[in-house]
Amino acid sequence: METITARYDAKSIESEMQQVWDESDTYRRVRDLRKDGKQFFFVDGPPYTTGHIHLGTAWNKIIKDAILRYRSMRGYHVIDRAGWDMHGLPIEVKVEEKLDFKTKKDIEEYGIDSFVSTCKEFAIQNMAAMTSQFKRLGVWLDWDDPYMTLKRGYLESVWWTLKKANEKGLLEKGMRVVNWCPRCETAIADSEVEYGDRTDSSIYVKFPVIDEENTFIVIWTTTPWTIPANIAVAVHPDFEYSKVRAHKDGKSEILIFASDLIDSVLRAGKYHDYELLDVCYGSDLVGTQYKHPLVDIVPKQAEFEHKVFPAEFVTTENTGCVHIAPGHGVDDFELGSKYGLPAFCPVGPDGRYTIDASIYEGIYVKDADKQVINDLDERGYLLASETIVHRYGHCWRCKTPIIYLATEQWFLKISQLKEQMLDEIAKVSWYPDWAGSARFRDWVAGARDWCISRQRYWGVPIPIWVCDSCGKYEVIGTGEELKARSGGEPPDLHRPWVDEVTFACSCGGECRRVEDVFDVWFDSAVASWATLDYPHTTDAFETLWPPDFIVEGHDQTRGWFYSQLGAGMVAFDRIPYKSVLVHGFTLDESGSKMSKSLGNIVAPDTVIEKFGADTLRMYMLSSNAPWDDLKFNRDEVATVHRSLNILWNVYRFPLPYMVLDGFDPSAVSFESIRGALRQEDRWILSRANSLIRNVTSAMDEYKLHVATRAILEFVLEDLSRWYIQLIRPRTWTEADDPDKLAVYRVLCDVFTIITRMTAPFMPYLSEAIYQNLEGEGAGEKRESIHACDWLAPDEDLIDPELEADMAEVRRIVEAVANARQKAKRKLRWAVRQIVIAPEDGGIARAVESLKDVLAEQTNAQNIVLLGVGNEWDELGIEAIPDMAKLGPAFKKDAGKVADAIRGADARAIKNAIGKTGEWTCDLDVAGSTDGVVTITREMVNFQSVVPEFAADSGFERGIVYVDTTLTPEIEAEGYAAEAIRRIQDMRKELDLEVNDWIKVTLGISDTRVSDFLNSMAGFVAGEVRARMMTIGDMAASGDLVKDWDVEGVEMRIGVSVLA
RNA sequence: GGGCCCAUAGCUUAGCCAGGUGGAGCGCACGGCUGAUAACCGUGAGGUCCUGCGUUCGAAUCGCAGUGGGCCCA
């Protein structure tokens, strides 16, 4: 046991503890210690290797760490491999930026092998950087052997899963409309689309009806570039549509669109008048043929028939007639499939028109809007053209506006598993419940087939080999299998090496791999078995899978929770996790999300630099429920830091005494001091054991905020503000008495509890305290606090009655402080007595049981406890006339009557009314009878008056009176205390050691005070360690001389050090 | 436009499930302590409990509608 630094220096504690952990490989040894415990299989949701952690990822890992440390202390064998998500477009985009690439062509020219190698290198570098950031947060995961999606074994788990899907008939190749990023030239998942505002054209187009002269169907679109691909128009069969003759500039034409929209459409087209010619249902319009408006410049369109079809998805917005381009829209494509329409798609993967679009060939579609609008206008088919600001999808990585393209992709048909998936969700424990029962459920209910193919380079290659002659395909499950099938094995299963492997088809043709790689979400989807190296080895899988627990943010509803569910169904027909804690998002102080563009990002490192990791952890865990969003607030972090500093001070306070006394915790048993325990000792032990109970039950429900707040509250309220104050005098005694040993023992026991309770949350500080307090000698010392067992509360030490009594006494002490302030009598001056008027018997019990504590903390010479309902007999009484009652009775003389009441003896009035119901006095005024007025009960109210020499203050269950009458004894002690405090102050100013001796001269002209001080001279000298002390009306001298004003009395004090 | 979550003092929040006088901490003001001292403690001021409607003897709490914020989707 050693004394420690004055200030809580998180930085040096944390680096020191980290070093110890590193050197002794503490993490591994702690996990080994628990290896026979019940298994707790946790799967780390793999962060993407971007290179830096942000506050959200920090929070995520801090939550994980706190829970896993707790579980480990509870005796569980925790399996906690860290994971990394290392493939995919985000890294490709970063590398492209670095190499200044613009298109896929640049990559192909650079060489796929070099490009992929660069991506790999980049991902590994980032992983290393992030690992050290997480470690600094104090996060214990298996960092030395993380699962990495780019490793061969992992990659093969992905392959195996796809093979499984194929065996179950869940793999499908199909033409679908997908979200397409024209820059990245790949399909992207729904979950990779980011919505943001964008200004686009908004046009109304007239499609000429065949065989009906001057008649047009009016459609509306925000993507003019899709008009060249128009194949049909959709109307709602049940809506009413109108045929109107509309007039403009002396001309007229016949327009068809939804009846409800006549006003808005005609206004948009600037028509000044119209006649209604006909109304019909949408179903009546079905089959109407029209001419494609640009057929003259897009000759390919002449090959198609253009007709009206019914569709339920049509709404009464814009025109009620929807332009259908099956090659460019999801609904369009589905309608097309239903009615056998061609998915005409004259746009290439680069977002430029192909030859099919004739004159538009080579133009980037988003740039073509204007030209299409012009071409429509020239032909007289443009009804109106405006602009609109609307939400539009963008590629989440490169921010390019996405387009919809009908392409051939690979799908997992999970929409057909929807019902089973919903059943599976219900089997999982969700914290909080709504995350599963409402949110995830809704998301899964809308599940669509999962497009797993991407036309990119850095990812798990899709292990499908297609025969170039018969078209049959084969799914390969492992590298071994590939070797067996082809006779060769590439050095790396990534692209481009794997692409070179071909093998013969049974038909005699040659099988080549499809060029696609997996959607990166599929990588992490298999994490729960890939991390167990399944299917290569099966032992771990059989004993551990499925995982007991995962924790991620609520954005993962559509992400990892979902992708794992899908993959789990495909591979094992079940959801691959048993319980889930869902956490919130980190927002800035004003509640906006943190983003680079807003410049409100908070880097965890900067917070750690200033306050330390334990403070950041404690802040993030205590400020919110995990599932609520966390508004990051720097001031609050500082507040938590201060709380930790108080913990530090509380821990530091007794150390010098213990060290000085050579106190050895292991040599003083609890039993040996049991008899010496005071009430306050029993109380703090009760509180500490109650704390264990509360923290444990909070942790078992993942209420980390409740657990951490309870700890902070205990440290601040119970320990620092109360217990330490109560025991201070006991630690100063120099004798080796049991009273002091009891305090030492109790403090050690309390700290045994505190270190265990705080270990999951403040791993560094708890370790530092543990190593010092329970270092050498302590019987069952473990190498680390994190190797210690969690504690069960000692129920025998919990005394709810005592806890309640102490709470009551604290309230009384506070009330006394309040009353003292009213009376301007500071705590240093004793009071003759405090009088407690309780409202119930409970107070009496508390006061009786804790009288010493109460007397000491209030600095009262005597405590008087009144009976319930009794008044203090020193209270005066005041009669207050009720003018509302006196007025009607005495009219204009009511004022005189009131004065008479005020002037009379209030107690006499009260007694009289108490006896006879009235009080009379001689006063000849209106309303009097023979010069006597009669005052009845309702005319006067009575109020207690606190005597001059006292002050009162109410508390919840009573009133306390403080009698501040000065006695010579009190004054003498008071002045002595004043003098002592000032001399101590000067000692400090002189920078004296605690055991230095001094000489004091105290010059004072006030003979009364001087006499008081002289009567206490011995006491004062003892307190300030003075060998010589003179007090009187003389000049003070010494190494330091200062003038003081003590309660209006001037003193000049001189202090000199004695050699 | 839809689903889920959130809204209480200047700030961060407890209370809400099981309706009955709204509690803390920070900050602020004033004061105290002075062998935890560049620490610590007390007192005080500060609240349309987001808005409106409803249920009820009674609503921060329950219901409905709206507003604002967050996540996810369309």
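Remember, it's a predicted structure, so these values are computed and weren't measured experimentally. Each chain gets a letter, A, B and so on, in the order the sequences are listed, and its residues count up from 1.
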Which nucleotide in [options] has an atom nearest any side-chain atom of [X]:
X	options	value
A/W434	B/C5, B/U13, B/G70	B/C5
A/S720	B/C41, B/G70, B/G25	B/C41
A/K631	B/U12, B/A74, B/C71	B/U12
A/R709	B/U12, B/U13, B/C71	B/U13
A/E814	B/C41, B/G42, B/G25	B/G42
A/R439	B/G32, B/C71, B/U13	B/C71
A/N633	B/C26, B/U12, B/A39	B/U12

In plain terms, say whether [X] and [Y] are close enough for a salt bridge, that is, a side-chain N and a carboxylate O under 4.0 Å apart.
X	Y	result
A/R730	A/D737	no
A/R982	A/E978	yes
A/E636	A/K631	no
A/E808	A/R811	yes
A/E713	A/R709	no

How close or far is atom [atom2] of [N] from atom [atom1] of [X], stated in whole angstroms?
X	N	atom1	atom2	result
A/L716	B/U13	CG	C1'	16 Å
A/Q984	B/G35	CD	P	5 Å
A/D628	B/U8	CG	P	12 Å
A/D985	B/U34	CG	P	10 Å
A/W430	B/C5	CH2	P	15 Å
A/L827	B/U43	CG	C1'	14 Å
A/H583	B/C72	NE2	P	13 Å
A/F585	B/G70	CZ	P	12 Å

Any chance you could encode RNA chain B as dot-bracket? Rule is Watson-Crick or G-U wobble with both distances under 3.5 Å; [ ] for pairs crossing earlier ones, | for another strand. (((((((..((((......[..)))).(((((.......))))).....(((((..]....)))))))))))).
Which whole number of Å gives the distance between the [atom1] atom of [N] and that of [M]?
N	M	atom1	answer
B/C30	B/U12	P	26 Å
B/G19	B/A74	C1'	39 Å
B/A45	B/G10	P	15 Å
B/U8	B/G2	P	25 Å
B/G42	B/U34	P	16 Å
B/A65	B/U43	P	45 Å
B/C40	B/G27	P	10 Å
B/C49	B/A9	P	9 Å

Is the number of heavy atoms from other residues, nucleotides or ligands under 6.0 Å of A/Y404 OH greater than 12?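 Result for OH/A/Y404: open.
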Does A/K703 NZ have over 12 foreign heavy atoms under 6.0 Å away?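 Not more than 12 within 6.0 Å, no.
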Looking at [N], I'd like to know if its phosphate oxygens (OP1 or OP2) sit under 4.0 Å from a side-chain N or O belonging to [X].
X	N	answer
A/R642	B/G27	yes
A/R721	B/C41	yes
A/R828	B/U34	yes
A/N624	B/U13	yes

Base, sugar-phosphate alone, or nothing: which one does A/R820 contact when heavy atoms must sit under 4.0 Å apart?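 Here A/R820 touches no strand at all.
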Could you check A/H554 against A/E713 and say which one's nearest nucleotide on RNA chain B is further toward the 5' end?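 By nearest-heavy-atom nucleotide position, the 5'-most residue is A/E713.
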Which residue lies more 5' along RNA chain B, comparing A/Q725 with A/W829 via nearest heavy atoms: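 That would be A/W829.
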Go through the steps to decide whether A/H641 and A/Y619 satisfy the test ring-ring contact (aromatic ring centres under 6.0 Å, His included), and finish with yes or no. CA-CA 8 Å; A/H641 185 251; A/Y619 165 71; over 10 Å; no
Ring-plane angle category for A/W829 and A/Y975, please: parallel below 30°, perpendicular beyond 60°, tilted otherwise.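 Ring orientation of A/W829 relative to A/Y975: perpendicular.
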